[in-house]
Amino acid sequence: MIRALFAVLDEDTVRANRRQLLRVTALAVLEGVSYGLALPVLAALLRDDLSTAGYWLAALVAATLATMFTRRRQVVQGAATAIGTIHALQRRIASHTASLPLAWFTPDRAASLPRIAAQGAVATGRGVPYQFISLVGGVLTPAVVLGAAALVDWRPALVMLLSAPLLYWVHHRTTSVVDEVEARTHAADAEASARVVEFAEAQATLRASGTERLGRALLTDALDAAGAARRADVRREITARVGFGVAVQLAVGAVVAAVAWVLLREPSQVALLVALLVLAVRFAEPIATLGDVARDMRAGRGHLTRIEDLYRVAPLPLPSVPSPLPDGPLDVEFRAVGFGPAGTPVLDGFDLRVPAGTTTALVGPSGAGKTTVLRLAARFADPDAGQVLIGGVDVRELAPDTLYGALSVVLQDVVLTEGTVRENVLAGRPDVSPAELARAAGSAGVDAMVARLPRGWDTPVGDRGGALSGGERQRVALARAALREGRVVLLDEATAALDPVSERIVARWIASLTGRATLLVVAHELHTTANADQIVVLGDDPIGGVVERGTHEELLALDGRYARMWRTRTEAEGWRLDSVPSDGAAP
């Protein structure tokens, strides 16, 4: 477990834990020496040899003082090591998670991530500083006591020695069974957490569709399963503790029986043998603590395994020698791109070039791969085949800072970080001037929004932006993108949640980027595509294939799929619900 722990830590934290492990080892040895020195002191006192007892007592006092000093240093340094290890683990977990492909973030994994980063880091980080005190002490201290006992009489010492593998076997058998139960408990807890989040976030849908009872039933089933797993864990834990405790007591009983047998055969050794009985109890005490620490060790081992599993998920690879981007507007190109998470093809041989300084709109039915194209351009995932290039450079050859420094991205599902409106708009560029902030706010309609909010720019957005409406969250995201002034702008249905007035404001902002930035826009509302330099129609047969390509006028003249979509939208705009006559007759 120590090697596994060190494998998930950085070098500085590993060195700190190694020093702490040395302190724990020294403490365990000193405690064993202190226990062992009690043997000649007791023997001398029982023989009324006060002079000899005084010498041994002085040695015992010195060993005890050294033990006390080492324990104090171990406690102080152990606390600092534990805190540093927890923080280092959490930083590494956060850094690694931020480098993972977005496809990894399924609801179940996202639900288990807080437990890994919080409980897992705490339980694992305390391993060497705290849990290994009992573990090392339960091994080294009895070993030293055993050596002292052997100097008195080899027969009881042999019984102690033979009991050690038996105790280890019992401990291993009881804990291995509980490990399996703990793994099932974690899985059940993660499932329950995911269902709780799902139940809370889907309240509007469940109530509106009349399926709240079904949602509650699914949540209840997950909670019941988690409760059953925890009860099974407790039952196995009790069994493990009782089994190990009985084994320890049997070992002590065997030592007592051996001492009694020697005493009956050699009554003259009564003084040393009585002292040996006291030492036998001291031999058992550290071993008994292994049962107390067993659950923490199991939990730490389980958490450590989950951290290792997280680290095994390959992040998006970084180039050893990053390539630079050229100056000025950048083109975006997809060359024979294939992509299909979980074996389901979304794009297959997709080709597209967005010339520098132009606007390209992607349209098509749901599931045609429009959003996937944007996500690949932003390198939220890597294609299974082909290349995605920005400025003629494969995005896999760009350092993250270089890539995202050139991009402004607004996704359809806007999630804000907890803080104020100002903090969220300034997230990409916190050092901008008030004039730049005002210009970005005006381009996205945030200025009008802020004017009516109770605390203006300092209004908290709430958890994930929940205190704002969908349209207000989208305005904040657009203002943030405008402030970044990326040379490539990726917009995924950027006006979906906006009112008509705000749509016109954003349309003007997009138009103002012409020639200064390269825009790749996913649009469901076709009126946002009419002024694009290039409209690309994706289809679902074949998956992710380009069906049509051209300007708005060219595609209307072609009278193909885009023209049919445009006519359908135009007819829908002219549709209205006539008023129903007061007599209820049909209009």
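As the structure is a prediction and not an experimental result, all values here were calculated from the model.
At least one side-chain heavy atom of Ile307 sits less than 4.5 Å from a side-chain heavy atom of Ile93. Considering only heavy atoms from C-beta on, Val461 stays 4.5 Å or farther from Val476 through its side chain. Side-chain contact check for His552 versus Tyr562: some heavy-atom pair is nearer than 4.5 Å. Between Val388 and Arg379 the shortest side-chain heavy-atom distance does not fall below 4.5 Å. In this structure the side chain of Thr551 never reaches within 4.5 angstrom of the side chain of Asp533, judged on heavy atoms. No side-chain heavy atom of Thr13 sits less than 4.5 Å from a side-chain heavy atom of His87. A 4.5 Å side-chain heavy-atom check between Val489 and Thr518 finds every atom pair outside the cut-off. Using a 4.5 Å heavy-atom threshold, the side chains of Thr97 and Ile116 count as separate.
Not counting sequence neighbours, the partners of Asp458 by the salt bridge (Lys or Arg N to Asp or Glu O under 4.0 Å) test are Arg422. The salt bridge (Lys or Arg N to Asp or Glu O under 4.0 Å) test applied to Asp559 returns Arg567, not counting sequence neighbours. Listed by chain and number, the residues in a ring pair (Phe, Tyr, Trp, His ring centres under 6.0 Å) with His96 are Tyr311 (sequence neighbours excluded). Residues satisfying the side-chain hydrogen bond (donor to acceptor under 3.5 Å, both in side chains) test with Arg439, not counting sequence neighbours, are none. Listed by chain and number, the residues in a salt bridge (Lys or Arg N to Asp or Glu O under 4.0 Å) with Arg396 are Asp394 (sequence neighbours excluded). Residues that satisfy the salt bridge (Lys or Arg N to Asp or Glu O under 4.0 Å) test with Arg335, not counting sequence neighbours, are Glu333.
Counting all heavy atoms, side chain and backbone alike, Arg92 lies closest to Asp10 at NH1-N, 3.8 Å. The two residues Pro317 and Asp382 have their closest heavy-atom pair at CD-OD2, 3.7 Å. Of all the heavy atoms in Ala377 and Leu407, the pair that sits closest is O-CD1, 4.1 Å. Nearest heavy-atom pair across Ala563 and Leu555 is CB-O, 3.9 Å. Taking each heavy atom of Ala440 and Ala479 in turn, the nearest pair found is CB-O, 3.8 Å. Shortest non-hydrogen contact noted between Arg561 and Gly539 is NH1-CA, 3.5 Å.
By the 30° and 60° cut-offs, the orientation of the rings of Phe380 relative to Tyr404 is parallel.
Considering CZ of Arg487 and CZ of Arg516, their distance stands at 13.5 Å, rounded to 0.5 Å. One finds the CG atom of Leu310 at 12.5 Å from the OG1 atom of Thr305 (value rounded to the nearest 0.5 Å). With rounding to the nearest 0.5 Å, the separation of CG in Leu490 from CG in Leu519 is 8.5 Å. A distance of 9.0 Å separates CD in Glu554 from CD1 in Ile535, rounded to the nearest 0.5 Å. The CG atom of Leu538 lies 5.5 Å from the CG atom of Leu362; values are rounded to the nearest 0.5 Å. Remark: Leu491 CG to Gln474 CD distance equals 9.5 Å, nearest 0.5 Å.
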(Q) Apply side chain to side chain contact (heavy atoms under 4.5 Å, CB included) to residues Leu316 and Leu100 and explain how you reach the verdict. (A) CA-CA 6 Å; Leu316 292 173; Leu100 297 179; over 6 Å; no
Q: Verify side chain to side chain contact (heavy atoms under 4.5 Å, CB included) between Asp492 and Val410, making sure each step is shown before the conclusion.
A: CA-CA 6 Å; Asp492 187 1; Val410 179; over 6 Å; no
Q: Dump the intermediate steps for side chain to side chain contact (heavy atoms under 4.5 Å, CB included) on Phe334 and Leu389, then the final yes or no.
A: CA-CA 6 Å; Phe334 298 81; Leu389 303 100; over 6 Å; no
Q) Can you check side chain to side chain contact (heavy atoms under 4.5 Å, CB included) on Leu376 and Phe350, steps first, answer last? A) CA-CA 12 Å; Leu376 292 176; Phe350 178 73; over 6 Å; no
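Salt-bridge formation is not detected for the pair Arg306/Asp309: no Lys NZ or Arg NE/NH1/NH2 atom is positioned less than 4.0 Å from an Asp or Glu carboxylate oxygen. Using a 4.0 Å cut-off between charged nitrogen and carboxylate oxygen, Arg480 and Glu423 do not count as a salt-bridge pair.
The backbone N or O of Gly364 sits less than 3.5 Å from a side-chain atom of Lys370, completing a donor-acceptor pair. Checking side-chain atoms of Asp331 against main-chain N and O of Gly391 turns up a donor-acceptor pair under 3.5 Å. Between the side chain of Arg473 and the backbone N or O of Leu468 there is at least one donor-acceptor pair closer than 3.5 Å. When atom types are taken as modelled, the side chain of Ser95 and the backbone of Arg91 share no donor-acceptor pair closer than 3.5 angstrom. In terms of modelled atom types and a separation under 3.5 Å, the side chain of Asp351 and the main chain of Ala336 share a donor-acceptor contact.
No side-chain donor from either of Ser323 and Glu397 sits under 3.5 Å from a side-chain acceptor of the other. Side-chain contact check for Thr359 and Asn531: no donor-acceptor pair (N or O, by modelled atom type) lies under 3.5 Å.
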